Number of protein chains: 2
Amino acid sequence: MQTTPAATEQAPTSADSCSAPPPPHPRPDGRDSYTISEVVAFTGLSAHTLRWYERIGLMSHIDRSHTGQRRYNNRDLDWLGLVGKLRLTGMPVADMVRYAELVREGENTYDERRDLLVATRHDVLARIAELHDTLAVLDRKIAFYTEAGHGHAAERAG
Amino acid sequence: MQTTPAATEQAPTSADSCSAPPPPHPRPDGRDSYTISEVVAFTGLSAHTLRWYERIGLMSHIDRSHTGQRRYNNRDLDWLGLVGKLRLTGMPVADMVRYAELVREGENTYDERRDLLVATRHDVLARIAELHDTLAVLDRKIAFYTEAGHGHAAERAG
DNA sequence: TATGGCCTTCGAGCGCACTCCAGGCAAGCC
DNA sequence: GGCTTGCCTGGAGTGCGCTCGAAGGCCATA
């Protein structure tokens, strides 16, 4: 954020709020049991994806109704929230599965879990730095095109 | 960077410097013609990828030696630098190809190019914000595990 | 009873961004 | 000439993260 010389941070345009759909997480009300379609609504993930997460061990087995249907609880939703965040960092699903396994193994994996999160944290910092770099490049190019549009087209830009 | 209460920024561990290979861009010396393998060394991309970029129109046709081998020039390297940055933003290759086409079409596409870059800039800001969010989550969890490791394991964390 | 809707499982398919292979040519060196 | 190295081409293959389809179960409402 601080590396951007050009362009004050104007209020999000409509196009902007489009690009980031309003958080599909209106979240629970007071219950602790949700059907898969409710979780779809909360998380924005597809039912297929939710079932797939369970199959690959990214989620522990979900409670079932007497008819065998999945009933997600608030802890499951919390977990999905974390998974969503980790996904944003670009962490491979396999690594998230690893973390999930550590959680299932119990408290004696605290150290390993911490290490994993710390490593992820470093990655995130690195990605943020990269993005700031990129932002600087974009700002230079945008400035160029803005200049050029204002009349005197001069040097050529990629 | 500013959202991190826990964990002082210790010197990168060896594992860390591994995860981010030192910039594979020692860049040119004084020439303006490079073989594909030199470009591989500069960019860290594979020769396969470089040829593929050309095939799909992400790079304009590269000069050839009298024997038909590719000879990249400094402008090509600059372009690859930009492509590398855009790639970091998660921009799809197809969009980059679109931008490349605009560049090839000439100066009358300045406005459209600018629009595209501005849109990308918004995306980048959004991603940075997401990553800061994620960082906050990671820091909370890391703090929890650090606490817990120091003796009193209490509440349970995901 | 039947219709619709949402659920189940298993397994195949898809889109993206590469990645690799087979087969071949040209140049340089012994 | 023979060998190696480096590059060429077109096209097939890979890995990831979903995404979808087929075939069927359960159950509420008409």
Side-chain angles (χ1 to χ4, degrees), chain A residues 21 24 31 33-73 76 79-80 82-100 120 123 127 130, chain B residues 21 24 31 33-73 76 79-80 82-100 120 123 127 130:
Chain A
R31 293 171 301 145
S33 173
Y34 313 91
T35 66
I36 198 168
S37 59
E38 286 172 316
V39 177
V40 165
F42 293 153
T43 63
L45 297 168
S46 74
H48 280 300
T49 300
L50 287 169
R51 290 190 279 256
W52 178 67
Y53 278 1
E54 197 178 335
R55 270 217 305 283
I56 66 175
L58 184 50
M59 303 204 65
S60 50
H61 276 288
I62 302 299
D63 285 350
R64 301 305 174 111
S65 73
H66 71 104
T67 58
Q69 296 185 191
R70 286 174 182 77
R71 291 295 179 262
Y72 293 80
N73 61 31
D76 297 325
W79 175 256
L80 283 172
L82 175 61
V83 166
K85 291 292 184 201
L86 293 180
R87 221 163 38 113
L88 289 177
T89 70
M91 179 188 278
V93 167
D95 290 5
M96 291 190 258
V97 170
R98 173 72 188 135
Y99 184 76
T120 303
D123 290 350
R127 310 245 28 243
E130 285 173 352
Chain B
R31 292 171 302 145
S33 174
Y34 313 91
T35 66
I36 198 167
S37 59
E38 285 171 316
V39 177
V40 164
F42 293 153
T43 64
L45 297 168
S46 75
H48 282 301
T49 299
L50 287 169
R51 288 190 279 255
W52 178 67
Y53 278 1
E54 196 179 337
R55 271 218 304 283
I56 66 175
L58 184 50
M59 302 206 65
S60 50
H61 277 288
I62 302 299
D63 286 350
R64 300 302 178 110
S65 73
H66 70 106
T67 58
Q69 296 187 190
R70 286 173 182 78
R71 292 295 179 262
Y72 293 80
N73 62 30
D76 297 326
W79 175 256
L80 283 171
L82 175 62
V83 166
K85 290 292 184 203
L86 293 180
R87 220 163 39 113
L88 288 178
T89 71
M91 179 186 278
V93 166
D95 290 4
M96 290 191 258
V97 170
R98 173 72 189 137
Y99 184 76
T120 303
D123 290 350
R127 311 245 28 244
E130 284 173 351

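It should be emphasised that the depicted structure is a prediction, and the values quoted were computed from it without experimental measurement. Throughout, a chain's letter reflects where its sequence line sits, starting with A, and its residues are numbered from 1.
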Item to check | Selection from C:dC7, D:dC27, D:dC7 that lies nearest to any side-chain heavy atom of A:Thr67 | outcome: D:dC27
Output the rounded distance in Å from [atom1] ([X]) to [atom2] ([N]).
X: B:Arg71; N: C:dA27; atom1: CZ; atom2: P; answer: 11 Å
X: B:Arg55; N: C:dC20; atom1: CZ; atom2: P; answer: 14 Å
X: B:Ile56; N: C:dT19; atom1: CD1; atom2: C1'; answer: 14 Å
X: A:Gln69; N: D:dC27; atom1: CD; atom2: P; answer: 8 Å
X: A:Trp52; N: D:dC18; atom1: CH2; atom2: C1'; answer: 6 Å
X: B:His48; N: D:dG10; atom1: NE2; atom2: P; answer: 14 Å
X: A:Arg64; N: D:dC26; atom1: CZ; atom2: P; answer: 14 Å
X: B:Asp95; N: C:dG15; atom1: CG; atom2: P; answer: 17 Å

Between [N] and [X], is there an OP1 or OP2 to side-chain N/O distance shorter than 4.0 Å?
X: B:Tyr53; N: C:dC18; result: yes
X: B:Arg51; N: D:dC7; result: no
X: A:Arg70; N: C:dC7; result: no
X: B:Ser46; N: C:dC18; result: no
X: A:Arg87; N: D:dC18; result: yes

Decide yes or no for [X] and [Y]: does some side-chain heavy atom of the first lie under 4.5 Å from some side-chain heavy atom of the second?
X: B:Leu45; Y: B:Arg87; result: yes
X: B:Met59; Y: B:Asp76; result: yes
X: A:Leu82; Y: A:Tyr99; result: yes
X: B:Phe42; Y: B:Leu80; result: no

Item to check | Donor-acceptor pair, side chain of B:Arg70 and main chain of B:His61, under 3.5 angstrom | outcome: no
Next on the checklist: Quick check: on DNA chain D, is the nucleotide nearest A:Thr49 upstream (toward 5') of the one nearest A:His66, or the reverse? Name the residue that is more 5'.
Outcome noted: A:Thr49
Next on the checklist: For a quick check of understanding: with a heavy-atom distance under 4.0 Å over all strands, which category does A:Ser37 fall into, base, sugar-phosphate or nothing?
Outcome noted: sugar-phosphate
